[in-house]
K.L.:
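This is the structure I have questions about; it appears just below.
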Amino acid sequence: MRLMKSVCTTVFFPATRKSVEEFARMAEFVAGLGAQGIEFYYDGPATREIGKILERNRLDGIFIAVLPSKEQKLWLCHEDPAAREAAVKMVCGCMDWAQDNGIQALMLNSGRNGKDENKNLDALADSVERLHAHAERSGYKQQRFCLEPSDATCEAMHLIGPYAKAAAFAERMRKARIPFELTMDTAHSSEDGEDFVEALRGVKPYCRHVHFANCFLADKSNQFYGDKHLGFEYPETVWGPEALAKLFAEIEKIYPEGEELRLALEVLCRDEDPYAYFKKTWESLPFLH
């Protein structure tokens with residue numbers, strides 16, 4: 001397996017969302033530890049500087065349009081045309097910003113399921129087709145879209161959650177000749193009660209990107225229940241370091257030698273010093289290094 005090590009930096013280093021100085025510091029730091037890519041959202045000043053920072057540190061970027069979608073409740077699968085128009089407009093803006101900074105990949109999610117699943121799927125397909133049309137009109141020849149299935153039954157209640165539905169939608173987009181991929185997340189699969197290895201095998205034709213993320217599912221009354229992006233060190237969680245090491249061994253069988261896989265760590269830093277916390281997390285997973 002040809003592994004690209006990546007980091008979801010907006011959750012690990014929250015200050016990087018608004019500060020170009022912090023973004024530069026973070027990029028140099030994670031690249032120095034061996035990261036080859038980062039996945040992030042940025043809406044601070046000096047935006048064209050971000051692409052230069054990525055290039056200087058030889059980091060491959062993915063821009064996370066998922067974050068403003070969640071914050072603004074703008075769902076690409078919305079049945080209402082006006083609401084869907086607002087979502088498409090927002091994501092097009094993210095695409096333009098990313099392209100201005102040399103970033104070719106945009107991360108999406110479906111949005112919440114509505115009253116009619118088939119109508120929601122058609123709405124999502126229409127939105128992705130419109131995003132692709134925007135990319136073509138704008139001359140973004142290398143643009144690709146990465147959809148991350150979220151949980152459909154735990155908290156987010158998203159349209160695209162279970163892997164079979166994700167694979168079917170990815171195939172639909174491929175038939176429409178749209179550069180479309182899936183990003184599979186360990187926590188989201190667990191939150192939907194699915195086995196991650198089975199899910200990854202099921203979507204492999206459309207997936208070369210995995211998020212290692214953790215969740216606590218043992219007690220619904222616990223404040224950390226659900227999709228809280230917990231650290232791998234949290235007790236009684238699904239994906240601690242030992243579980244991830246075993247999973248990585250299975251992933252190596254699914255993506256044998258020569259096949260490419262991007263693997264990103266996604267943890268929300270709750271410590272005072274995100275740099276010390278990230279280094280501790282990075283070193284707790286020696287099988288990656």
Side-chain angles (χ1 to χ4, degrees), residues 1-8 12 30 33-39 59-60 62 105 107-109 144-154 158 160-174 179-218 227 229-234 236-267 278 281-289:
M1 179 170 66
R2 289 188 291 116
L3 183 66
M4 175 187 282
K5 292 180 279 190
S6 186
V7 185
C8 296
F12 263 114
V30 299
L33 288 175
Q36 299 151 295
I38 63 172
E39 301 162 28
L59 291 169
D60 183 75
I62 295 179
M107 189 176 295
L108 315 171
N109 60 18
R144 70 183 198 276
F145 304 99
C146 311
L147 186 139
E148 180 184 24
S150 190
D151 75 88
T153 58
C154 183
H158 272 215
I160 301 291
Y163 77 85
K165 190 186 295 185
F169 187 80
E171 177 64 18
R172 180 175 177 175
M173 293 296 95
R174 291 281 179 88
F180 186 90
E181 304 169 1
L182 296 173
T183 297
M184 297 300 290
D185 183 291
T186 54
H188 294 162
S189 292
S190 295
E191 288 153 12
D192 272 340
E194 297 194 315
D195 178 84
F196 189 77
V197 172
E198 177 187 327
L200 194 57
R201 288 197 183 108
V203 302
K204 186 191 173 184
Y206 319 101
C207 178
R208 50 182 181 147
H209 185 191
V210 167
H211 280 177
F212 272 7
N214 199 9
C215 57
F216 177 85
L217 300 175
D227 193 35
H229 297 96
L230 298 176
F232 305 126
E233 76 280 1
Y234 275 70
E236 300 183 63
T237 50
V238 179
W239 296 107
E242 185 176 341
L244 290 174
K246 292 178 181 178
L247 174 61
F248 186 77
E250 293 299 317
I251 290 174
E252 287 184 302
K253 299 173 186 176
I254 299 172
Y255 295 86
E257 186 175 353
E259 294 192 17
E260 178 183 333
L261 182 71
R262 182 182 187 124
L263 198 160
L265 306 183
E266 185 178 13
V267 172
F278 177 79
T281 301
W282 187 258
E283 292 174 349
S284 73
L285 306 172
F287 55 87
L288 291 180
H289 313 307

K.L.:
Assess, by modelled atom type and distance only, whether the side chains of Asn214 and Thr237 contain a donor and an acceptor separated by less than 3.5 Å.
P.N.:
yes
K.L.:
Between Phe278 and Val7, is there a side-chain heavy-atom distance shorter than 4.5 Å?
P.N.:
yes
K.L.:
Is a donor on one side and an acceptor on the other found under 3.5 Å between the side chain of Glu236 and the backbone of Ala218?
P.N.:
no
K.L.:
Take Met173 and Phe169 through the test side chain to side chain contact (heavy atoms under 4.5 Å, CB included) and record every step on the way to the result.
P.N.:
CA-CA 6 Å; Met173 293 296 95; Phe169 187 80; 3.6 Å; yes
K.L.:
Can you tell if the side chain of Leu182 reaches within under 4.5 Å of the side chain of Ile160, non-hydrogen atoms only?
P.N.:
no
K.L.:
Search all heavy atoms of Trp282 against all heavy atoms of Leu33 and return the closest pair with its distance.
P.N.:
NE1-O, 3.1 Å
K.L.:
Could Arg262 and Glu181 be called an ion pair, given the rule that one side-chain N must be under 4.0 Å from one carboxylate O?
P.N.:
no
K.L.:
Find the distance between CG (Leu230) and SG (Cys215) and round it off to the nearest 0.5 Å.
P.N.:
8.0 Å
K.L.:
Using atom types as modelled and distance alone, determine if a side-chain donor or acceptor of Ser6 lies under 3.5 Å from a backbone N or O of Ala264.
P.N.:
no
K.L.:
Kindly determine whether Leu285 and Phe248 satisfy side chain to side chain contact (heavy atoms under 4.5 Å, CB included), including the steps that lead there.
P.N.:
CA-CA 10 Å; Leu285 306 172; Phe248 186 77; over 6 Å; no
K.L.:
Considering non-hydrogen atoms only, spot the tightest contact between Gly202 and Ala167 and give its length.
P.N.:
O-CB, 4.0 Å
K.L.:
State the NE2-CG distance between His158 and Asn109, to the nearest 0.5 angstrom.
P.N.:
4.5 Å
K.L.:
Is a side-chain donor or acceptor of Thr186 paired with a backbone partner of Ala213 at a separation under 3.5 angstrom?
P.N.:
yes
K.L.:
Quick one: pull up CG in Asp227 and CG in Asp185 and give me the separation to the nearest 0.5 Å.
P.N.:
7.0 Å
K.L.:
Answer yes or no: is there a donor N or O on one side and an acceptor on the other, between the side chain of Asp192 and the main chain of Thr153, under 3.5 Å?
P.N.:
yes
K.L.:
For the pair His188 and His229, name the ring-plane relationship: parallel under 30°, tilted 30 to 60°, perpendicular over 60°.
P.N.:
perpendicular
K.L.:
Looking at every heavy atom in both Leu217 and Cys154, which two are closest together, and how far apart are they?
P.N.:
CD2-SG, 4.4 Å
K.L.:
Between Glu171 and Arg174, is the salt bridge (charged side-chain N to carboxylate O under 4.0 Å, His left out) condition met? List the steps.
P.N.:
CA-CA 5 Å; Glu171 177 64 18; Arg174 291 281 179 88; over 6 Å; no
K.L.:
Might you work through the side chain to side chain contact (heavy atoms under 4.5 Å, CB included) test for His211 and Cys8, ending with a clear yes or no?
P.N.:
CA-CA 9 Å; His211 280 177; Cys8 296; 3.6 Å; yes
K.L.:
Would you name the heavy atoms of Pro149 and Gly161 that are closest together and state the gap between them?
P.N.:
CB-O, 3.4 Å
K.L.:
Taking 4.0 angstrom as the limit, do Lys246 and Glu242 come out as a salt bridge?
P.N.:
yes
K.L.:
Would you give the length of the straight line joining atom CD of Glu252 to atom CG of Leu247, rounded to the nearest 0.5 angstrom?
P.N.:
10.5 Å
K.L.:
Could you go step by step and tell me if Asp60 and Gln36 meet the side chain to side chain contact (heavy atoms under 4.5 Å, CB included) rule?
P.N.:
CA-CA 6 Å; Asp60 183 75; Gln36 299 151 295; over 6 Å; no
K.L.:
How far does CG of Leu108 sit from CZ of Phe180, to the nearest 0.5 angstrom?
P.N.:
7.0 Å
K.L.:
Charged N to carboxylate O below 4.0 Å: is that the case for Glu198 and Arg201?
P.N.:
no
K.L.:
Let me know which of Glu39, Glu148, His209 forms a side chain to side chain donor-acceptor pair (under 3.5 Å) with Thr183.
P.N.:
His209
K.L.:
Indicate the ring-plane relationship of Phe196 and Trp239, choosing parallel, tilted or perpendicular according to the 30° and 60° boundaries.
P.N.:
perpendicular
K.L.:
Does the side chain of Leu3 reach to within under 4.5 Å of the side chain of Tyr255, using non-hydrogen atoms?
P.N.:
no
K.L.:
When rounded to the nearest 0.5 angstrom, what is the spacing between CD1 in Ile251 and NZ in Lys204?
P.N.:
12.0 Å
